[in-house]
Amino acid sequence: MSKIKDNQIYIYNSLKGEKEKFVPVSKNHVGIYVCGPTVYSNVHLGNCRTFLSFDMVVRYFKFLGYKVRYVRNITDAGHLENDAEVGEDKIAKKARLEQLEPMEIVQRYTVDFHNVMNSFNALPPSIEPTATGHLIEQIEMIQESLAKGLAYESNGSVYFDVKKYMEEGGDYGALSGRDVDELMSGSRDLEGQEEKKNPTDFALWKKASPAHIMRWNSPWSVGFPGWHLECSVMGTKYLGKQFDIHGGGMDLKFPHHECEIAQGKAANNVDPVNYWMHGNMLTLNGKRMSKSTGNTLLPEELFSGKNTLLEKAFSTTVVRFFMLQAHYRSVLDFSSEALTASEKGFKKLMTAFDILEKVDYKPTSLNKEENVLIKDLCAACYAEMNDDFNTPKTIAKLFDMVAKINTYNEKQSFGQLEESTFKLLKETFCGMISDVFGLVADNSGSNDTLDKSIQLLIDMRANAKKERNFALSDEIRDKLIAIGVQLKDGKEGTTYSVE
RNA sequence: GGUCUCUUGGCCGAGUGGCUUAGGCACUGGUCUGCAAAACCAGUUACAGCGGUUCGAAUCCGCUAGAGACCUCCA
């Protein structure tokens, strides 16, 4: 519990445009809502970045001892498409093309999404609600807005009245820095526009066209809920009318999150969210990954290496580490070269991790300087994380620790640290890597049999060296490296690592 | 067209008024080794351009150039 007290987190609040002291609604508890995927196709790496960013955020809160309720929705209905078949549900379109039930599509890609998230070692949310599972609540929220005069019905559809909302003290545009008057004049001509009082008004309920397969009954028409409603409904239902953190990708800031604020405020007379967090985009070839433009990379292509952009296959853990090396609010460009560099650094980090996990601590005479240095490094890790989850800076500190760990290991001098300092080092270093960053060593290739086999070869090589039979000892070393096993000669004997 | 953001060394990527040598990768030298690798130590390369504010600016302001995001479904 004291860890919470010792670590005051500052969060960059998109709503205010600055870092703010994090004070939860309920002491030692965090309620966080993250906009989940629209399940009409495979999630790509760009989608993954956002979810992994917030996975790190949730993990850090938990690491400090907060009780976290993490809600991340599945959007399985309601998003409109803006090409030839305007007004049609994305999911419905795909369903017809593939001659499948809409829910079959939803099921397939939900499963895919879960598999991908698992492979990245992302923690599952506490609640993963679906839009279709909350239609009653959505209809109720529309009714509330209508009752308050902040929404109006038009031709079977219901729209949110932004102008009225502004007149009653609303601040539509505050999150995304937009001027409502400009939006009123600058909006494009979209289908259904004539039903609206003003171009900025957005749909709460849409009457379904005959081609629209996903449809439900409502007091106004057979149709489907508006694009922004589900998050408002599910966020407040599970986290309260005013909750701590709402996260999502930068691209959702406008209009999605702007509308969410308006809906929430209209329904409950309070700002629904205290801290808005927006993760930045993962780019490919300098441009944002996007389903609609096809500029994407799928996780499975990464693991198999089957993409012209990739020189080789990469593991999920390396990709995760790569992403953590950049701050979540910065654009990150994906490239094979950058990933290769990360992979090498990651291995170095994990080697030190293994050393620390296995080392036997025996106190010797105290080295005050080193003792203080380690304590400072540990404190710095927390300080960097507390500063708007600055993972790249935290990682820089971890690498400083790597140098220390390696030196201590080589000189067998962990004992020069106080026992409490050693424990702190282990807890901080290993805790940040595995608990907060969710990084796990790739031990896929190693097991007991392998370990014994390689140990046998190490012994044989040692004997060959003793007899100065370097041809044999080098052959063992070189052939092992060709297989992917690297021998490491140290003062205390030879160890190995598996590629 | 409107709104906004970014431009850091060979590459990735932090930083934000005066020592951060950020860190990683790569490279160079050294220690270790039978030779290597690994590890450690040391070192090199920088703040898009121009002008301004300031005792001092990569960091603040302005202009120019380039890139990107949002304005429409999108993490």
Side-chain angles (χ1 to χ4, degrees), chain A residues 34-38 40-41 43-54 75 78-83 86 88-90 93 173 176-179 182-183 185-191 227 247-256 278-283 286-293 296 321-322 325-327 329-335 337-349 351-352 355 384 390-400 402-411 465 468-470 473-474 477-478 481 486-491 494-497:
Chain A
V34 174
C35 289
T38 307
Y40 64 86
S41 66
V43 286
H44 56 70
L45 274 181
N47 302 122
C48 294
R49 185 187 180 199
T50 299
F51 302 130
L52 292 176
S53 291
F54 288 105
T75 296
H79 281 249
L80 295 166
E81 207 168 39
N82 183 37
D83 48 25
V86 175
E88 192 179 0
D89 207 359
K90 268 192 173 172
K93 184 184 178 189
S176 55
R178 265 154 238 262
D179 186 74
E182 275 177 23
L183 288 171
S185 57
S187 198
R188 294 197 202 173
D189 285 337
L190 292 172
E191 185 262 353
W227 329 316
M250 210 77 120
D251 50 349
L252 297 182
K253 218 171 178 182
F254 187 90
H256 186 59
H278 289 97
N280 217 322
M281 300 292 106
L282 180 69
T283 60
K287 294 209 176 116
R288 162 166 178 257
M289 280 197 201
S290 162
K291 284 173 196 172
S292 39
T293 60
T296 61
F321 177 71
F322 166 73
Q325 276 187 303
H327 192 262
R329 282 192 288 115
S330 297
V331 174
L332 175 64
D333 193 56
F334 184 94
S335 73
E337 304 78 57
L339 214 53
T340 302
S342 284
E343 186 174 46
K344 289 187 181 169
F346 176 67
K347 277 186 184 164
K348 196 168 149 185
L349 193 68
T351 303
I355 289 170
E384 300 299 1
N390 198 324
T391 55
K393 275 189 137 189
T394 306
I395 288 171
K397 296 297 171 195
L398 292 179
F399 273 108
D400 288 343
V402 167
K404 288 292 165 193
I405 291 164
N406 285 331
T407 305
Y408 298 159
N409 186 49
E410 192 147 300
K411 295 182 179 166
K465 281 170 80 169
R468 303 194 66 77
N469 184 354
F470 297 125
S473 69
D474 288 356
R477 179 226 285 160
D478 296 342
I481 207 127
Q486 186 183 48
L487 299 184
K488 300 172 180 179
D489 295 332
K491 286 228 166 73
T494 302
T495 56
Y496 72 93
S497 66

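Throughout, protein chains are lettered first and strands after them, A, B, ... in sequence-line order, and every chain is numbered starting at 1.
Counting only heavy atoms from C-beta outward, the side chains of Thr340(A) and Glu337(A) never approach each other to under 4.5 Å. Within the 4.5 Å cutoff, side-chain heavy atoms of Lys488(A) are placed close to those of Thr351(A). Residues Thr495(A) and Ser497(A) are not in side-chain contact: their nearest non-hydrogen atoms beyond the backbone lie 4.5 Å or more apart. Between Pro37(A) and Asn47(A) there is no side-chain heavy-atom pair separated by less than 4.5 Å. Two residues are said to be in side-chain contact when any heavy atoms from C-beta on lie closer than 4.5 Å; Tyr408(A) and Ile355(A) fail this criterion.
In a base pair of the Watson-Crick type (N1 to N3 plus N6-O4 or O6-N4) or a G-U wobble (N1-O2 and O6-N3), with each distance short of 3.5 Å, rA48(B) is matched with rU64(B). Across all strands shown, rG43(B) pairs with rC27(B); the Watson-Crick or G-U wobble distances both stay below 3.5 Å. If you check rG17(B) for Watson-Crick or wobble pairing at under 3.5 angstrom, you find it has no partner at all. Judged by Watson-Crick or G-U wobble contacts below 3.5 Å, the nucleotide rC71(B) has rG1(B) as its partner. The nucleotide rG34(B) finds no pairing partner, because no Watson-Crick or G-U wobble arrangement with both distances shorter than 3.5 Å includes it. rG56(B) makes up no base pair with any nucleotide shown, lacking Watson-Crick or G-U wobble contacts both under 3.5 Å. Pairing partner, rA22(B): none, since no Watson-Crick or wobble contact has both distances short of 3.5 Å.
Minimum atom distance to the side chain of Met281(A) is reached by rA75(B), of the listed rA75(B), rA14(B), rG34(B). The Lys287(A) side chain lies nearest to rG68(B) when the options are rC35(B), rC71(B), rG68(B). Here rC70(B) is the nucleotide among rC73(B), rC70(B), rC12(B) with the atom lying nearest to any side-chain atom of Arg178(A). When distances are taken from the side chain of Phe470(A) to each of rA75(B), rG34(B), rC70(B), the shortest belongs to rG34(B).
Between the C1' atom of rU5(B) and the NE2 atom of His278(A) lies a distance of 15 Å, rounded to the nearest Å. The interatomic distance linking Ile481(A) (CD1) with rA36(B) (P) rounds to 15 Å, in whole Å. Spacing between atom CG of Leu332(A) and atom C1' of rA69(B) amounts to 15 Å, rounded to whole angstrom units. If you measure from atom CE of Met250(A) to atom P of rC73(B), you get 19 Å, rounded to the nearest angstrom. If you measure from atom CG of Asp251(A) to atom P of rA75(B), you get 7 Å, rounded to the nearest angstrom. Taking atom CZ of Phe322(A) as the reference point, atom C1' of rC12(B) lies 7 Å away to the nearest angstrom.
Within the 4.0 angstrom heavy-atom criterion, only backbone atoms of the sugar-phosphate kind lie near His327(A); the bases stay farther away. Gly36(A) comes within 4.0 angstrom of sugar-phosphate atoms only, judged by non-hydrogen atoms across all strands, and of no base. Residue-level contact check: Leu398(A) touches neither bases nor backbone, having no heavy atom under 4.0 Å from any strand. Within the 4.0 angstrom heavy-atom criterion, only backbone atoms of the sugar-phosphate kind lie near Asp333(A); the bases stay farther away. Here Gly177(A) lies in heavy-atom contact (under 4.0 Å) with sugar-phosphate atoms only.
Taking the charged nitrogens against the carboxylate oxygens, Asp489(A) and Arg477(A) have no contact shorter than 4.0 Å, which rules out a salt bridge.
Here Ser335(A) does not reach the OP1 or OP2 of rC11(B): none of its side-chain N or O atoms lies under 4.0 Å away. Of the side-chain N and O atoms in Lys488(A), none sit less than 4.0 angstrom from OP1 or OP2 of rA39(B). Between Asn406(A) and rA39(B) there is no side-chain polar atom (N or O) within less than 4.0 angstrom of OP1 or OP2. For the OP1/OP2 pair of rG15(B) and a distance below 4.0 Å, the side-chain nitrogens and oxygens of Asn390(A) include at least one atom meeting the criterion.
In terms of position along RNA chain B, the nucleotide closest to Ser176(A) lies nearer the 5' end than the nucleotide closest to the other residue of the pair Ser176(A) and Ser473(A). Comparing Leu487(A) and Val331(A), the nucleotide of RNA chain B nearest to each residue sits closer to the 5' end for Val331(A).
Considering all non-hydrogen atoms of both residues, Trp227(A) and His256(A) come closest at O-CE1, 3.6 Å. Annotation for Gln486(A) and Ile481(A): closest pair CG-CD1, 3.7 Å, computed over non-hydrogen atoms.
When atom types are taken as modelled, the side chain of Asn406(A) and the backbone of Ala403(A) share no donor-acceptor pair closer than 3.5 angstrom. A side-chain donor-acceptor contact under 3.5 Å links Thr283(A) to the backbone of Leu332(A).
Phe346(A) and Phe321(A) have tilted rings, their planes meeting at an angle from 30° to 60° on a 0 to 90° scale.
The base of rC70(B) has none of its N or O atoms less than 3.5 Å from a complementary donor or acceptor on the side chain of Arg288(A). Checked by distance alone, Arg477(A) brings a side-chain donor or acceptor within 3.5 Å of a matching partner on the base of rA36(B). Counting atom types as modelled, Asp179(A) pairs no side-chain N or O with a base atom of rG2(B) as donor and acceptor under 3.5 Å.
Taking the P atoms as reference points, rA38(B) lies 11 Å from rC25(B), given to the whole Å. Separating the C1' atom of rG1(B) from that of rU72(B) is a span of 16 Å, rounded to the nearest Å. Between rC50(B) and rU59(B), the two P atoms lie 12 Å apart (nearest whole Å). Annotation: rG66(B) and rG30(B) have their C1' atoms spaced 43 Å apart (nearest Å). Going from the C1' atom of rA39(B) to that of rU33(B) covers 12 Å, rounded to whole Å. To the nearest whole angstrom, the two C1' atoms, one in rC55(B) and one in rU8(B), are 26 Å apart. Atom name C1', nucleotides rA58(B) and rA14(B): the rounded distance is 13 Å, in whole Å. Annotation: rA42(B) and rU3(B) have their C1' atoms spaced 50 Å apart (nearest Å).
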Report all interatomic pairs (protein N or O, nucleotide N or O of nucleotides 23-29 of chain B) with separations under 3.5 Å.
residue : atom : partner   : partner atom : Å
rA26(B) : OP1  : Lys344(A) : NZ           : 3.3

